[in-house]
Amino acid sequence: MKAKITEYMSYLGGLARVPLTLAGIMAFVTIAAMTSTPVRASEGLASGWQELSPNAHLFTMDGSNTVVVVGRGEALVMDTYTEAQAKVLKEQIRKRFDVPVRYVVYSHAHADHLRGSAVFGDKVEYVAQQRQLDRLNFLIPFEPSIHRPTRFFDKSLTLEVGGVTVMLEDYGFNHGTGVTVMRIPEAKAVVIPDIVYPQRLLWYGLNDYSPRGILATLRAINATEYEIVVPTHGPTFGRAEVTEFIGFLTDLIDQVKAVIDANLESKGPEETLSIALKEVDLTRYDKWGNYKEWRDGNVEGTFQSLYVGW
Ligand SMILES: [Zn+2]
């Protein structure tokens, strides 16, 4: 048990290597809001409700988004974040819509998205992509506020929430384990957790991220029909921002790969990494969120992932 706890603490430590400060989040919200273009259902509220379509709503608390789909006599939610947030969400759904929650969907197996889910009790269905199970089995003994998932899917799952269609989709490994993209045709919306933010770099050292996996996922999503992207944090955005982010990822991966191809065999990994850190030129993104803080981490994370073949 002790070894497991140590393992868990270092796992959490890894995820929290560069914690987002509230000021950082607010700066990001501001930057994202300034660069937004039409088709916006969300204003990037710090807290409160916004309507995506008549039956799809966005509940935001402390900058974290929960999509709530409300059909006849039942509702679905994705991600609860903290126990406090889950309790407020549950009460708000009761007051505002007066329907019980039937489905709680887990976007991916990271505890910071799932804490508090158990407040919805034992009668709801807790739905997760099946690759989340191993990680959740590891997490849940340390995180009693996360309910065990009770229903799994592989490639996709269509749910009817009181007559409103919701599709859950898996695009392979990109971030965390079993990342679930949720599509709400009525709102022409896709909920994309954690892997794309307008004009912001990827999370520091790409802990638990695969840049090539994200790129493949975003390209696949962009080949489908949608108008609005609902991220798990911050305001909604559109296809143009996803396309721009695909451009950034392609650039980052191509440049790091070119350095690897030219140097790895003759100079070895350590020297190749320091060449990449020096030579990869991302200055055209220097106005993007967290450029200064995360630029080196993005280069190093991409190097590591290409080096180990992710
Ligand atoms: Zn995550």
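When a ligand or atom number is given, it counts from 1 through the structure's own listing order.
Y103 is linked by a ring pair (Phe, Tyr, Trp, His ring centres under 6.0 Å) to nothing, counting only residues two or more places apart in sequence or in another chain. Among residues two or more places apart in sequence or in another chain, the side-chain contact (heavy atoms from CB on, under 4.5 Å) test is passed with A86 by T80, V119.
Protein N/O/S atoms found under 2.8 Å from the Zn ion (ligand 1), listed by chain and residue number: H108 NE2, H110 ND1, H175 NE2, D194 OD2.
Using a 4.5 Å cut-off between side-chain heavy atoms of Ile, Leu, Val, Met, Phe, Trp and Tyr, F152 falls into a hydrophobic cluster with L133.
There is no path of hydrophobic side-chain contacts, each under 4.5 Å, that joins Y81 to M61.
With no hydrogens or angles considered, a side-chain donor-acceptor pair links H113 and D194 at under 3.5 Å.
The side-chain heavy atoms of M78 and V191, taken from C-beta on, include a pair separated by under 4.5 Å.
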